[in-house]
Amino acid sequence: MQLSDSVTVLKGIGPSRAKQLEKLNIRTLYDLLAYFPRDYEDRTKLANICDLVPGEPACFEAMVISNPTTAHIRKGMDITRLKVADETGRLNLTFFNQNYVKDQLQYGESYYFYGALQEDFGASMASPSFERVDSSGTVTNRILPIYGLTAGLSNKVLISCVRQALDACGDALPEILPEQVRRRYHLCGVRMAYESVHNPASLELLMQAKKRLVFEEFFIFSAGLALLREKRTGVFTDAYDTSCIRSFCDALPFRLTDAQLRAIEEIGQDLQKGVPMNRLVQGDVGSGKTVIAAAACLCAVKNGRQAAFMAPTEILAEQHAENLSRMLAPFGISVVLLTGSVTGAARKLVLAAIADGSAQLVIGTHALISEGVTFADLGLVVADEQHRFGVAQRAALTAKGISPHLLVMSATPIPRTLALIAYGDLDVSIVDELPPGRLPVQTFLVDESYRKRINAFIRKQCGENHQVYIVCPAVEEGDDDTLKSAEVWAETLQSAVFPDLRVGLLHGKMKGSEKEAVLGAFSRHEVDILVSTTVIEVGVDVPNATLIVIENADRFGLAQLHQLRGRVGRGKAQSYCVLFSSSKNAETKKRLQALCKTTDGFKISEEDLALRGPGDFFGSRQHGLPLFKVASLQMDLQTLKDAQRASAEFIRSANSLDDPAMQPLKERIQILFSQDSIVLN
């Protein structure tokens, strides 16, 4: 059998079972082998019956001391009962609808059992796993892998399928890691790694297998990034004259921070090199990234090229168009706006201006990558809030030019560990200072006992002609009645709490045009209080909003709460963030109090990564984070660094990616990077 064969070649896998496996994205024998356990149960330590603890699963050896009896209780319910014992005590076992048990458990014979004592039924246990003491040990007296399952598919069946696949083609697994790399980092071979991760003979062998597989994942990803960088080195473009950047900085009516100046200098150096820039500018909300992008756009235009600036929402695109037009007005730059709302004759005029080059800076939403948008000479692409677009859309826009420079901006502070992974093919500039005069947002954690005081504070802010956000975790009422729903809460506030104020509603289930209309009304101060889900996390800039109240704050990650807090504090007035949580959990309180103590997004993101893992930063795989099966970013940083070093050396020493020895690595890179619509030719 071959790794590419369908799972149906295995015994016991017919069309029905194959469909169940397909729900887990398992189609081939390789998919099955690469479907790693999500957890393990150590069933190797045998306990005495007298030491069993209610509710805690344990493995023990016991003899059957009564003949099993089956009673028919009612239609669809049979119960089989028996007694077992060891030298320390006796136990009553009960099995539901498992009539075969009375034939498999023989009086006077000894068996291994695995289960938990029932909390309220004394010395009794329901439906434990069992097998004969002299058996090979498939469910007891072993380290048992626990797999993610789907309806109709048991853990026992999956263990059996994986065992068959290992026996059939485990020796055909390609060895991705070169021998010298395995020796240098003390890594086991691929066959042993897969055998031990699915069927560990000991915890030590399991750890060796995990170490090897983690290293392999990072090695493949790092090799892919190295190849992306290598591909760029063979691409050339005209070197820009960057002298206009100094004039731009001198003409600004405010002083730039050292962090802004450093980022602008790094961009200027990139633009002078004669190869396409690929840079991420990463900084907190309000750190002044837009002015950095403006300097780059000016430089592209002054060198006879066009610049495109892509924002995630229409409202944000309009705000960028307004700000950039004002900043670049002294330099005579022609700025146009292209969003889905620009239609008919107006759209034709904009498209014509982009095509003939008279539109020098084009600002828009994903409408910029739509068919029919043709640039005369696109020299620079700026993508704002990168993780809202994904690599595919970024690539679609750069494809509208000939090797244009790329500048990516993100207001989501990411720990350096994560940045190495999510943006590994980009150079990174960190903007870690706020412009002078920005007042930090004061943050408070409260429970329901403060509700009346907070409502009074909301009214006070609106009375001072300011505006308020209220964020709810749910759109509508659902199974969990402890969660505030945006729809119900907006209605309650409007009818019963603030009937004299204008309450708006915004959530992700609304059509794009409806969302834009609500955001537009809020930014024009036609709405006093905006009740919303997390759709306001990115792309709303309303300097008049001075208070954000976040309901059920314990349901959000710290990084997301920090992003939401960034919606206020954009004007000159003091701003506030109120976190409502009724959680009594000490860890949860500690996490939320961390947000009250600091407004430093990078510190918060480090804390969040340690507490919640990387998933919190990117809600979907398309947002740039690869799906690692065994690697853990917050725990495996040293392994990541080792794998990056090893893969870079390996790529440099290889004659060509087309070398037969490189084929297994190339295939795995293609699989991993296809998640983000990157194709390595």
Side-chain angles (χ1 to χ4, degrees), residues 285-286 290 311-323 337 339-342 363-365 384-385 388 411 441 454-455 457-476 484-495 497-551 556 560-580:
V285 169
T290 306
T313 67
E314 289 202 8
I315 293 289
L316 197 59
E318 288 166 8
Q319 290 170 344
H320 278 314
E322 191 180 313
N323 292 334
L337 178 68
T339 65
S341 299
V342 180
I363 298 169
T365 55
D384 192 21
E385 292 302 342
R388 294 279 151 173
V441 177
I454 298 303
N455 284 346
F457 190 56
I458 290 171
R459 184 173 289 285
K460 180 175 182 285
Q461 292 298 307
C462 292
E464 293 173 359
N465 210 32
H466 293 307
Q467 291 164 276
V468 178
Y469 295 103
I470 297 178
V471 179
C472 298
V475 174
E476 55 200 13
K484 280 276 192 303
S485 119
E487 288 183 343
V488 173
W489 194 232
E491 193 178 319
T492 302
L493 291 175
Q494 183 68 90
S495 60
V497 187
F498 304 114
D500 53 324
L501 298 176
R502 298 164 297 180
V503 179
L505 173 65
L506 180 70
H507 58 75
K509 290 187 178 179
M510 295 165 73
K511 291 178 182 172
S513 56
E514 293 173 330
K515 284 190 241 180
E516 296 290 348
V518 173
L519 283 170
F522 189 65
S523 60
R524 293 190 298 272
H525 202 168
E526 293 163 11
V527 169
D528 300 305
I529 300 169
L530 182 60
V531 181
S532 170
T533 56
T534 56
V535 291
I536 61 149
E537 183 186 351
V538 169
V540 190
D541 185 5
V542 181
N544 192 48
T546 53
L547 170 63
I548 183 165
V549 178
I550 303 173
E551 305 287 347
F556 303 100
Q560 192 172 30
L561 288 171
H562 179 64
Q563 279 294 100
L564 290 167
R565 177 169 63 180
R567 297 308 100 205
V568 297
R570 291 164 169 261
K572 291 179 181 174
Q574 177 63 57
S575 290
Y576 308 88
C577 172
V578 175
L579 308 172
F580 264 102

From [X] [atom1] over to [Y] [atom2], what is the distance, rounded to the nearest 0.5 angstrom?
X: Ser532; Y: Trp489; atom1: OG; atom2: CH2; answer: 15.5 Å
X: Lys484; Y: Thr492; atom1: NZ; atom2: OG1; answer: 8.5 Å
X: Leu505; Y: Met510; atom1: CG; atom2: CE; answer: 6.0 Å
X: Leu547; Y: Arg567; atom1: CG; atom2: CZ; answer: 15.0 Å
X: Lys509; Y: Glu514; atom1: NZ; atom2: CD; answer: 13.5 Å
X: Arg524; Y: Leu519; atom1: CZ; atom2: CG; answer: 10.0 Å

Assess the residue pair Ile470 and Ile458 against the criterion (side chain to side chain contact (heavy atoms under 4.5 Å, CB included)); give the C-alpha distance rounded to whole Å, side-chain angles, the decisive distance to 0.1 Å, and a yes or no. CA-CA 10 Å; Ile470 297 178; Ile458 290 171; 4.0 Å; yes

Check: [Y] and [X] side chains under 4.5 Å, non-hydrogen atoms:
X: Val531; Y: Val503; answer: yes
X: Pro473; Y: Thr533; answer: no
X: Val468; Y: Leu530; answer: no
X: His320; Y: Leu316; answer: yes
X: Val471; Y: Val549; answer: no

Val535 vs Leu506, test: side chain to side chain contact (heavy atoms under 4.5 Å, CB included). Steps then yes/no.
CA-CA 8 Å; Val535 291; Leu506 180 70; 3.6 Å; yes

Donor-acceptor contact present, side-chain [X] to main-chain [Y], <3.5 Å:
X: Glu551; Y: Ser485; answer: no
X: Glu516; Y: Gly520; answer: no
X: Arg502; Y: His525; answer: yes

Criterion side chain to side chain contact (heavy atoms under 4.5 Å, CB included) on Val542 and Tyr469, from CA distance to verdict:
CA-CA 10 Å; Val542 181; Tyr469 295 103; 3.7 Å; yes

request  = Could you tell me whether Glu491 atom CD has more than 12 heavy atoms of other residues or ligands within 6.0 Å of it?
outcome  =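 No, the 6.0 Å shell around CD holds no more than 12 heavy atoms from other groups.
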
Over 60° means perpendicular and under 30° means parallel, so classify the ring planes of Phe457 and Tyr576, tilted if in between.
-> perpendicular

- Task: Return yes if a side-chain donor-acceptor contact under 3.5 Å exists between Gln461 and Thr546, otherwise no.
- Result: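 Yes, because at least one side-chain N or O of Gln461 sits under 3.5 Å from a partner of the opposite role on Thr546.
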
### Donor-acceptor side-chain pairing of Asn544 and Gln467 below 3.5 angstrom
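A pair is found: one side chain offers a donor N or O, the other an acceptor, under 3.5 Å apart.
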
Fill in: Arg459/Asp528 ion pair, N-O < 4.0 Å
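Salt bridge flag = no for Asp528 with Arg459.
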
